[in-house]
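Only one structure is covered here, and it is reproduced in the block below.
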Amino acid sequence: MVRRLALVIAALTGLSAWAVLGVLGLDGMARWQPQAALADVAGRGTATIGQCREVGGPGFGTRWSCAAEASWDDGTTSRVEQTPSGQFTPADEGRDLAVVRRLETRPKGGGDVERVYRADFEPSLLLGLGSVFGALGGGALLLLVLLGAASRIGKDDEKGRGGA
């Protein structure tokens with residue numbers, strides 16, 4: 001009876017931890033935008049960060065949306081907002097940061113759209129997918145450890161009584 005209860009508690013705890021790690025992995029995927037890593041780089045430049053405002057969005061923590069004026073290597077300038085929101089923060093206001101413009105194709109023939117990323121937060125296929133698979137793999141490992149430990153509860157008592 002105790003052993004069965006321990007297995008149920010371990011399974012529920014492990015599944016809960018696995019779900020939390022999965023959500024954190026999806027948050028990492030949203031941050032690193034792996035689908036954008038395959039898009040062509042349309043330009044590199046420097047953005048002067050303007051005023052920031054707090055916005056909601058997927059994931060944990062505070063997200064910011066900051067307008068910026070970008071000067072591109074080809075000599076053009078444009079007003080931009082970073083993608084995804086949250087790459088620029090109020091701490092960046094007034095600073096010049098390196099940015100990358102990527103030309104992403106929308107699915108189902110929706111045309112191309114330009115997205116601007118902070119250069120040190122450039123999209124990464126490895127980090128985006130790695131955060132999801134790493135979190136899910138870590139959660140699965142934790143679940144197995146908890147179930148293994150719970151399955152041994154009561155076995156030592158049974159062995160001790162059986163041998164005496």
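The closest side-chain heavy-atom distance from Leu15 to Leu143 is below 4.5 Å.
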Apply side chain to side chain contact (heavy atoms under 4.5 Å, CB included) to residues Leu136 and Leu21 and explain how you reach the verdict.
CA-CA 6 Å; Leu136 291 176; Leu21 288 172; over 6 Å; no
Run the side chain to side chain contact (heavy atoms under 4.5 Å, CB included) check on Val99 and Tyr117 step by step: do they pass?
CA-CA 6 Å; Val99 291; Tyr117 297 90; over 6 Å; no
Step-by-step side chain to side chain contact (heavy atoms under 4.5 Å, CB included) determination, Leu97 to Ile49:
CA-CA 8 Å; Leu97 298 174; Ile49 311 306; 3.8 Å; yes
Starting from the C-alpha separation in whole Å, work towards a yes-or-no answer on side chain to side chain contact (heavy atoms under 4.5 Å, CB included) for Thr13 and Trp18.
CA-CA 9 Å; Thr13 303; Trp18 197 9; over 6 Å; no
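Between the Ser131 side chain and the Gly25 main chain, a donor and an acceptor come within less than 3.5 Å of each other. Side-chain atoms of Thr76 do not come within 3.5 Å of backbone N or O of Trp72 as any donor-acceptor pair. Using a distance-only test at 3.5 Å, with no hydrogens or angles considered, no donor-acceptor pair links the side chain of Arg101 to the main chain of Val41. Judged purely by atom type and a 3.5 angstrom limit, Gln51 has no side-chain atom pairing as donor or acceptor with the backbone of Cys66.
A side-chain N or O of Thr48 and one of Asp96 form a donor-acceptor pair less than 3.5 Å apart.
Residue Ala17 comes nearest to Leu142 through the heavy atom pair CB-CD2, 3.4 Å, listed as atom of the first residue, atom of the second, then distance. Across all non-hydrogen atoms, the minimal contact from Gly50 to Glu93 is O-CG, 3.1 Å. Between Gly22 and Ala135 the shortest heavy-atom distance is N-CB, 4.5 Å. Counting all heavy atoms, side chain and backbone alike, Ser151 lies closest to Gly148 at OG-O, 2.8 Å. Here the closest non-hydrogen pair linking Ala6 and Ala150 is O-CB, 3.5 Å.
Take Arg95 and apply the side chain to side chain donor-acceptor pair (under 3.5 Å) test, not counting sequence neighbours, and it matches Asp92.
A cation-pi arrangement is absent between Arg53 and Trp64 under the rule of less than 6.0 angstrom and at most 45 degrees off the ring axis.
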